[in-house]
Amino acid sequence: MKKFLSVTLILALALTLCLSFVACKGDSQDVDKLTEIKYETLLADYLSYPDAANDAKMATISRNVTEIFNDSSLSDAQKIAQIMDRATKNEIECAYFSFFRNQVGETKIGGNSGQLVYQRFRKQSDTLKDDTTIKLPINHNFGALESNFVTSADIRYVNNGKYNRMSNKSNIVYNKDTGLLEVEQWKKHSKWNIDEEAKWSRSYDEARKTCINWNVENIVDSAKTISLTLKQDENNNEYYELVFSVNVGVANADSTTIKRLEEDNGGKDMKYEYCNFVIQIWKNGLAKKYQIDESWSGKIGGIYSGSAQSKSEIVFSYSERDLDNSKTESIYQGILNR
């Protein structure tokens with residue numbers, strides 16, 4: 001999350017959004033009302049129980065989330081911390097996955113403010129990484145330099161052993177009909193046709209940008225509402241729902257947690273104000289859906305004092321058909337053939 005001013009969770013929290021920035025004007029796109037995204041148009045099997053290949057992979061995992069959930073020696077806060085750490089590791093060890101993240105927040109930079117929309121669409125296996133991240137301020141009064149801090153679009157594409165990165169050649173637009181950020185034209189970025197295997201990005205450090213991990217286990221605030229519930233979807237597939245908050249005093253006192261927050265946002269003197277979660281994890285240990293409500297403040301880029309509040313929703317799929325990379329491959333081929 002390089003300089004993503006609408007707070008994404010790093011908690012150690014670390015939902016890092018590694019982005020590059022493009023120059024932009026200080027103009028703002030006005031959006032009267034944000035559109036609810038229809039995730040089924042993006043992921044055919046979103047919120048569906050993981051397929052046989054992923055379920056079989058999870059069956060081999062030692063101390064999976066069910067064992068943690070049933071461990072009577074642990075407090076609820078300890079169970080949550082361990083389950084989330086386990087879910088992070090399971091993202092590395094599953095056969096393949098896809099997710100879409102939609103994050104919207106209010107951001108203040110210096111004396112100016114606006115809304116910030118961040119979206120990430122990632123498809124990952126050991127042979128494919130198709131990862132698009134787009135960020136756009138709307139309804140804002142930022143100047144050009146401030147807008148530059150919070151505007152970006154990148155595709156990181158690893159296929160057939162080659163890494164190619166693309167950035168936007170045309171303006172980023174918020175589509176009021178779909179609620180999606182869109183780029184009409186793309187161009188080569190700094191890295192192009194570099195030897196790389198997709199499985200290299202399947203690391204714990206990379207996974208913590210999606211799932212949540214802690215450097216300190218007492219990060220879950222036991223003084224606030226905590227619930228761990230085993231539920232069923234409409235097809236009788238079981239999943240765990242975790243409702244909890246982060247102890248921001250513990251988070252802010254942990255040097256590694258704050259270091260990650262500052263590094264990922266290009267900031268300093270940063271701290272969390274609040275972090276609240278509703279997390280759903282399939283009984284086999286794979287993430288189903290995350291909802292995150294968070295806020296932080298600090299100095300961004302060594303220049304601006306700022307603060308941010310945001311809400312995120314991340315939905316996951318574990319099916320081969322949601323690994324379809326035809327759209328990105330078409331963009332890549334279009335750049336090659338110009």
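A side-chain donor-acceptor contact under 3.5 Å links T88 to the backbone of M84. Without hydrogens or angle criteria, S295 side chain to A308 main chain gives a donor-acceptor distance under 3.5 Å. Not a single donor-acceptor pair under 3.5 Å links the side chain of D45 to the backbone N or O of S48. Side-chain atoms of S125 come within 3.5 Å of backbone atoms of T127 as a donor-acceptor pair (strictly under, hydrogens ignored). R202 places a side-chain N or O within donor-acceptor distance of the main-chain N or O of E91, the cut-off being under 3.5 Å. Looking only at distances, no side-chain donor or acceptor of D221 sits under 3.5 Å from a matching main-chain atom of S245. In this structure, D233 contributes its side chain and N235 its backbone to a donor-acceptor pair below 3.5 Å. Between the side chain of N337 and the backbone N or O of Q333 there is at least one donor-acceptor pair closer than 3.5 Å. T66 places a side-chain N or O within 3.5 Å of a backbone atom of K283 that can act as its donor or acceptor partner. Within the 3.5 Å criterion, the main-chain N or O of F69 finds a donor-acceptor partner in the side chain of K79.
In this structure, E196 does not pair ionically with R156, as no charged nitrogen and carboxylate oxygen lie closer than 4.0 Å. Using a 4.0 Å cut-off between a side-chain N of Lys or Arg and a carboxylate O of Asp or Glu, E93 and R86 qualify as a salt bridge.
In the hydrophobic clustering of this structure, L42 does not group with I134; members are Ile, Leu, Val, Met, Phe, Trp, Tyr whose side-chain heavy atoms approach within less than 4.5 Å, directly or through other members. The hydrophobic cluster containing L181 does not contain F100, counting ILVMFWY residues as joined when their side-chain heavy atoms lie under 4.5 angstrom apart, directly or transitively. Hydrophobic clustering (side-chain heavy atoms under 4.5 Å, transitive across Ile, Leu, Val, Met, Phe, Trp, Tyr) groups I80 together with L230.
Side-chain atoms of S203 and D205 form no donor-acceptor pair, as typed in the model, at a separation below 3.5 Å. A side-chain donor from one of Y157 and N159 sits under 3.5 Å from a side-chain acceptor of the other. Side-chain contact of N90 with N64: a donor-acceptor pair under 3.5 Å is present, judged by distance alone. Checking K288 against Q280 by side-chain atom types alone, a donor-acceptor pair falls below 3.5 Å. Using modelled atom types, one finds no donor on one side chain facing an acceptor on the other under 3.5 Å when comparing T133 with Y118.
Ring pair Y318/F97 is tilted by interplanar angle, where 30° to 60° counts as tilted. Between F99 and F316, the angle of the ring planes lies from 30° to 60°, which puts this pair in the tilted group. Between Y39 and Y46, the ring planes lie tilted relative to each other; the angle falls in the 30° to 60° range.
At most 12 heavy atoms of other shown residues, nucleotides or ligands fall within 6.0 angstrom of atom CG in N160. The environment of N171 atom CG is sparse: at most 12 non-hydrogen atoms of other residues, nucleotides or ligands sit within 6.0 angstrom. Surrounding NZ of K191 are at most 12 heavy atoms belonging to other residues, nucleotides or ligands under 6.0 Å away. Few gaps surround CD on Q232; more than 12 heavy atoms of other groups in view lie less than 6.0 Å from it. No more than 12 heavy atoms of other residues, nucleotides or ligands sit less than 6.0 Å from atom NZ of K271.
Taking the side chain as every heavy atom from C-beta outward, S201 and V158 never approach each other to under 4.5 Å. The side-chain heavy atoms of D85 and Y204, taken from C-beta on, include a pair separated by under 4.5 Å. Put simply, the side chain of D131 does not reach to within 4.5 Å of the side chain of Q124, judged on heavy atoms. Side-chain contact check for D177 versus T35: every heavy-atom pair is 4.5 Å or farther apart. The closest side-chain heavy-atom distance from K176 to V31 is below 4.5 Å. Between I292 and R101, the closest side-chain pair of non-hydrogen atoms falls below 4.5 Å. Looking at T132 and V183, their side chains never come closer than 4.5 Å, going by heavy atoms from C-beta outward. Side-chain contact between V150 and F142: present, with at least one pair of heavy atoms (C-beta onward) separated by less than 4.5 Å.
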Task: side chain to side chain donor-acceptor pair (under 3.5 Å) between Y49 and N54, intermediate numbers included - done: CA-CA 10 Å; Y49 190 78; N54 274 300; over 6 Å; no
- [ ] Using the side chain to side chain contact (heavy atoms under 4.5 Å, CB included) rule, take Q115 and E106 through it: C-alpha gap first, then chi angles, then the decisive distance, then the call.
- [x] CA-CA 5 Å; Q115 288 181 288; E106 298 289 335; 3.2 Å; yes
TODO: Mind running side chain to side chain contact (heavy atoms under 4.5 Å, CB included) on V248 and E273 for me, showing each step along the way?
DONE: CA-CA 7 Å; V248 294; E273 304 294 341; over 6 Å; no
- [ ] Might you work through the side chain to side chain contact (heavy atoms under 4.5 Å, CB included) test for E241 and V278, ending with a clear yes or no?
- [x] CA-CA 7 Å; E241 183 171 272; V278 178; 4.1 Å; yes
- [ ] Show your reasoning for whether side chain to side chain donor-acceptor pair (under 3.5 Å) applies to D322 and S98.
- [x] CA-CA 7 Å; D322 280 326; S98 305; 5.8 Å; no
TODO: Apply side chain to side chain contact (heavy atoms under 4.5 Å, CB included) to V117 and K135, showing your working.
DONE: CA-CA 6 Å; V117 181; K135 181 172 56 177; over 6 Å; no
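The line from OG of S312 to CG of N102 is 8.0 Å long, rounded to the nearest 0.5 Å. A distance of 12.0 Å separates CD of Q291 from CG of N276, quoted to the nearest 0.5 Å. Here CG of L128 is found 5.0 Å from CG of N325. Values are rounded to the nearest 0.5 Å. Atom CG of L228 and atom CZ of F244 lie 9.0 Å apart (nearest 0.5 Å). For the atom pair OG of S305 and NZ of K108, the computed distance is 12.5 Å after rounding to the nearest 0.5 Å. Going from atom OG of S317 over to atom OH of Y96 covers 9.5 Å, rounded to the nearest 0.5 Å.
Contacts classified as salt bridge (charged side-chain N to carboxylate O under 4.0 Å, His left out) and involving residues 51-66 (residues at least two apart or in different chains) are given here: R63-E67, R63-D71. Sorted by first and then second residue, the salt bridge (charged side-chain N to carboxylate O under 4.0 Å, His left out) pairs involving residues 329-338 (not counting sequence neighbours) form an empty list.
The only option from K311, E294, R120 that meets the side chain to side chain contact (heavy atoms under 4.5 Å, CB included) definition with Q103 turns out to be E294. Checking Y163, W186, W192 one by one against Y332, the ring pair (Phe, Tyr, Trp, His ring centres under 6.0 Å) holds for a single residue, W192.
For the pair G285 and V65, the tightest heavy-atom approach, listed with the atom from each and the gap, is CA-CG2, 3.6 Å. Heavy atoms only, all atoms of each residue included: I37 and Q119 are closest at CD1-NE2, 3.6 Å.
Scored by the side-chain hydrogen bond (donor to acceptor under 3.5 Å, both in side chains) test, E182 finds N175 as partners (sequence neighbours excluded).
A cation-pi contact, defined as under 6.0 Å to the ring centre and within 45° of the axis, links K123 to F121.
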